[in-house]
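Structure first, commentary second.
Atoms considered below: every heavy atom in the structure, side chains included; atoms not considered: hydrogens, waters and symmetry mates. Every chain is numbered from 1, with letters handed out A, B, ... down the list of sequences. Bear in mind the structure is a predicted one, so any value in this text is a computation, not a measurement.
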2 protein chains.
Amino acid sequence: MTRPVRITGARITPVAFADLPLLNSVGVHEPYALRAIVEVDTDAGLTGLGETYADAGHLRRLHATAGVLAGHDVFALSEMYRAVADLVGREAGTDRHGLTGAITAAGTADRLFSPFEVACLDLQGKVLGRPVCDLLGGAVRDRVPFSAYLFYKWAAHPGRAPDSWGPALDPAGIVAQARRMVAEYGFTAIKLKGGVFAPELEAEAIRALRAEFPGHPLRIDPNAVWTVPTSLRVAADLAGVLEYLEDPTRGLAAMAEVARRAPMPLATNMCVVSFADIPPAIQRASVGVVLSDHHYWGGLTRSRLLAGICQTFGLGLSMHSNSHLGVSLAAMIHLAAATPNLTYACDTHWPWKTQDVVPAGTFRFSGGSVPVPDGPGLGVALDADAMGELHELYLSCGLRERDDTGYRQSVEPGYRPRTW
Amino acid sequence: MTRPVRITGARITPVAFADLPLLNSVGVHEPYALRAIVEVDTDAGLTGLGETYADAGHLRRLHATAGVLAGHDVFALSEMYRAVADLVGREAGTDRHGLTGAITAAGTADRLFSPFEVACLDLQGKVLGRPVCDLLGGAVRDRVPFSAYLFYKWAAHPGRAPDSWGPALDPAGIVAQARRMVAEYGFTAIKLKGGVFAPELEAEAIRALRAEFPGHPLRIDPNAVWTVPTSLRVAADLAGVLEYLEDPTRGLAAMAEVARRAPMPLATNMCVVSFADIPPAIQRASVGVVLSDHHYWGGLTRSRLLAGICQTFGLGLSMHSNSHLGVSLAAMIHLAAATPNLTYACDTHWPWKTQDVVPAGTFRFSGGSVPVPDGPGLGVALDADAMGELHELYLSCGLRERDDTGYRQSVEPGYRPRTW
């Protein structure tokens with residue numbers, strides 16, 4: 001009786017965009033960040049958009065995924081998910097992405113399915129004349145708040161001109177960076193990516209931020225390079241200062257040990273990164289807040305499941321960000337708007353980027369938040385010229401995998417990621 | 001940009017339909033079962049359907065609920081849920097339904113929201129020209145299998161003519177009942193409502209069913225009237241015979257004790273009846289299978305959340321039934337069709353009823369299963385004449401609360417629910 005809207009194919013376009021020398025626990029961001037834009041075509045003549053990582057192995061698997069999804073109705077999300085899980089089950093090996101490390105087959109299926117699921121929701125919305133948030137239970141907020149995401153950084157990529165942000169290698173540099181970011185975007189919460197300097201120096205930066213921004217919730221994320229004693233020392237030092245402490249140490253057991261004695265909640269996007277991690281994390285009480293990320297939690301509907309699990313088990317919910325473009329920002333906004341218990345300001349790398357595949361002006365931050373797009377689907381369109389440029393940049397930049405460690409070693413040959 | 005479809009009001013019609021003298025642990029079904037049909041009207045001229053209990057207190061609260069939902073867009077499910085939760089929070093007291101006993105405020109909100117959520121999904125589907133299952137991730141099966149739901153029963157309601165099923169008060173009567181039900185509907189799984197006779201006699205009935213139906217998965221549900229030792233004795237006795245043992249004993253602690261030593265999984269729709277019950281049930285490992293029921297789990301989208309939680313924590317998922325009519329059967333079918341891990345045949349009281357508010361022939365069982373309706377929304381319509389008749393029956397029958405115990409006592413003055 002109802003006419004299916006069938007997928008006829010998908011175009012997967014790797015793109016690169018200029019990135020700044022932002023420091024983290026495993027090195028420094030390379031001059032270009034890689035992303036893949038997924039365009040899902042249908043027999044209705046409509047196209048849906050998704051965005052994901054673009055590491056070479058992931059790209060290869062995305063093409064295989066597109067193959068098994070062709071012919072499906074864009075509403076048949078569960079059947080498509082099963083097809084992707086079957087595909088991953090047939091293929092040897094799993095994926096690995098940046099700081100979250102090796103993941104399971106189920107986690108790989110979630111990462112592969114995600115951009116297609118987002119594209120299918122975009123298509124459903126376009127077919128129905130409804131924004132994506134309406135397909136997720138409807139928006140409970142019309143603007144989504146984000147946090148200022150501060151990084152220690154170099155003044156410039158070696159051999160290139162300095163960027164407009166200048167260096168940030170001490171508390172004063174971090175405060176200056178925060179001042180500009182808060183002035184330009186109006187952010188009302190602040191996160192510092194740590195794990196770069198000695199924990200005491202990073203705690204000092206947090207205290208400097210507190211002095212400068214007495215009303216802003218503050219977070220620090222050293223990406224699990226602190227030992228349990230170090231984590232506990234910093235946690236005690238920053239009692240009453242941090243909204244939450246993100247991934248101070250590695251693994252569910254060590255996190256649980258810190259959680260038991262830390263005065264603030266622990267948050268994670270490293271030890272709970274797939275549904276399989278949830279039961280042991282709850283059993284051990286390893287964390288108080290989970291950072292969702294639809295890119296590795298299987299898309300927006302499965303991220304809503306994660307949200308429901310957090311609600312059911314009394315866990316807080318925040319949102320993680322990798323370097324991303326406008327298609328993912330739209331997806332993040334629709335998801336956040338439709339998730340009642342997402343009560344923390346979401347992370348985003350948005351201010352660090354100067355190029356995009358969506359037209360400039362698509363999103364306007366004000367007061368630290370962005371209005372929910374009200375057009376059908378995701379409510380964003382690609383800028384064909386910009387897509388072409390960023391794809392050319394991908395082809396010419398030479399990068400095919402993210403390698404923050406290798407890049408930093410190319411500048412500082414003796415560099416090794418370390419723990420404190 | 002998109003036009004909301006706003007709720008203008010809801011009509012809540014209590015109906016009664018003839019029920020048979022089916023025995024359970026607290027008494028016997030009265031001559032009429034009560035239900036409420038919810039018709040949600042919109043400014044688009046479309047009406048959505050839901051169905052729920054019709055106890056007097058619940059009916060009163062349904063009217064209050066309709067009041068707070070007027071004006072909402074039918075896609076704004078999360079906002080509407082919040083409005084219902086707020087309403088329940090403001091009102092003193094919570095609800096109580098049949099065998100599941102007293103429930104929390106959150107559970108009350110879920111029970112009140114459910115028929116409206118189903119009606120809103122029906123409306124969404126009608127607006128979009130899509131069946132409800134498409135709004136839940138799409139069907140993963142085109143037919144939904146149900147189980148034969150056997151009851152000990154009297155030959156007739158006292159003072160009335162015998163029904164066509166005859167008495168079932170011993171193993172032979174249960175086997176005869178099963179034979180007819182399997183012959184007429186093709187069921188491939190069988191459930192016996194127990195808790196009526198001594199556990200040994202009920203186990204004998206199960207063994208008689210096994211002898212007659214060697215290939216059918218079998219279940220028994222004594223509604224928690226067995227002690228832990230009795231539960232363990234019956235469980236050992238029926239090792240290798242039962243697919244699962246449903247609610248042998250009362251409460252999460254006792255269920256956990258039985259679960260640790262029983263040779264088959266325990267199932268429940270009594271000790272896990274709302275989201276608040278899930279964490280302690282998982283922590284104690286009280287059950288292996290949860291019986292979902294959209295009437296008290298907050299509708300279809302929240303039942304999908306329950307399904308996702310079961311999947312995440314390695315729990316099996318089945319589906320519970322109270323006496324219900326065709327609107328609820330449609331909702332159950334769409335939900336079951338769209339829930340990949342709902343791998344057990346669902347319960348239904350369907351064969352016991354002779355009247356309905358939907359036209360005869362709306363659903364056709366064959367091989368124990370029912371095809372998913374493929375029209376927009378739920379795919380069912382009300383029969384106005386039948387609605388009028390069953391509402392008249394509600395008005396004239398005199399019943400306003402379900403009271404299986406009181407009814408049985410009116411026949412057997414000394415009757416008291418007991419445990420074994």
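- Within the 4.5 angstrom heavy-atom criterion, only backbone atoms of B:A338 (N, CA, C, O) approach chain A.
- The most heavy-atom pairs under 4.5 Å with chain A, out of B:G138, B:A276, B:A76, B:G137, come from B:G137.
- The structure places CG of B:L305 at 9.0 Å from CD of A:Q311, a figure rounded to the nearest 0.5 Å.
- Looking at B:V74, there are no atoms closer than 4.5 Å to chain A (heavy atoms on both sides), in backbone or side chain.
- Using a 4.5 Å heavy-atom threshold, the side chains of A:D73 and B:D134 count as touching.
- Here the CZ-CD1 distance, from A:F313 to B:I309, works out to 6.0 Å after rounding to the nearest 0.5 Å.
- For the atom pair B:S78 OG and A:R304 CZ, the distance stands at 4.5 Å (nearest 0.5 Å).
- No donor-acceptor pair under 3.5 Å is formed between the side chain of A:R82 and the backbone N or O of B:P340.
- If you measure heavy-atom distances from A:E79 to chain B, the contacts under 4.5 Å come from both the backbone and the side chain.
- A:R130 places no side-chain N or O within donor-acceptor distance of the main-chain N or O of B:F75, the cut-off being under 3.5 Å.
- With a threshold of 4.5 angstrom between heavy atoms, B:L306 does not approach chain A through any atom at all.
- Heavy-atom distances place both the backbone and the side chain of B:T312 under 4.5 Å from chain A.
- Using a 4.5 Å cut-off between heavy atoms, B:A139 contacts chain A through its backbone alone, with no side-chain atom that close.
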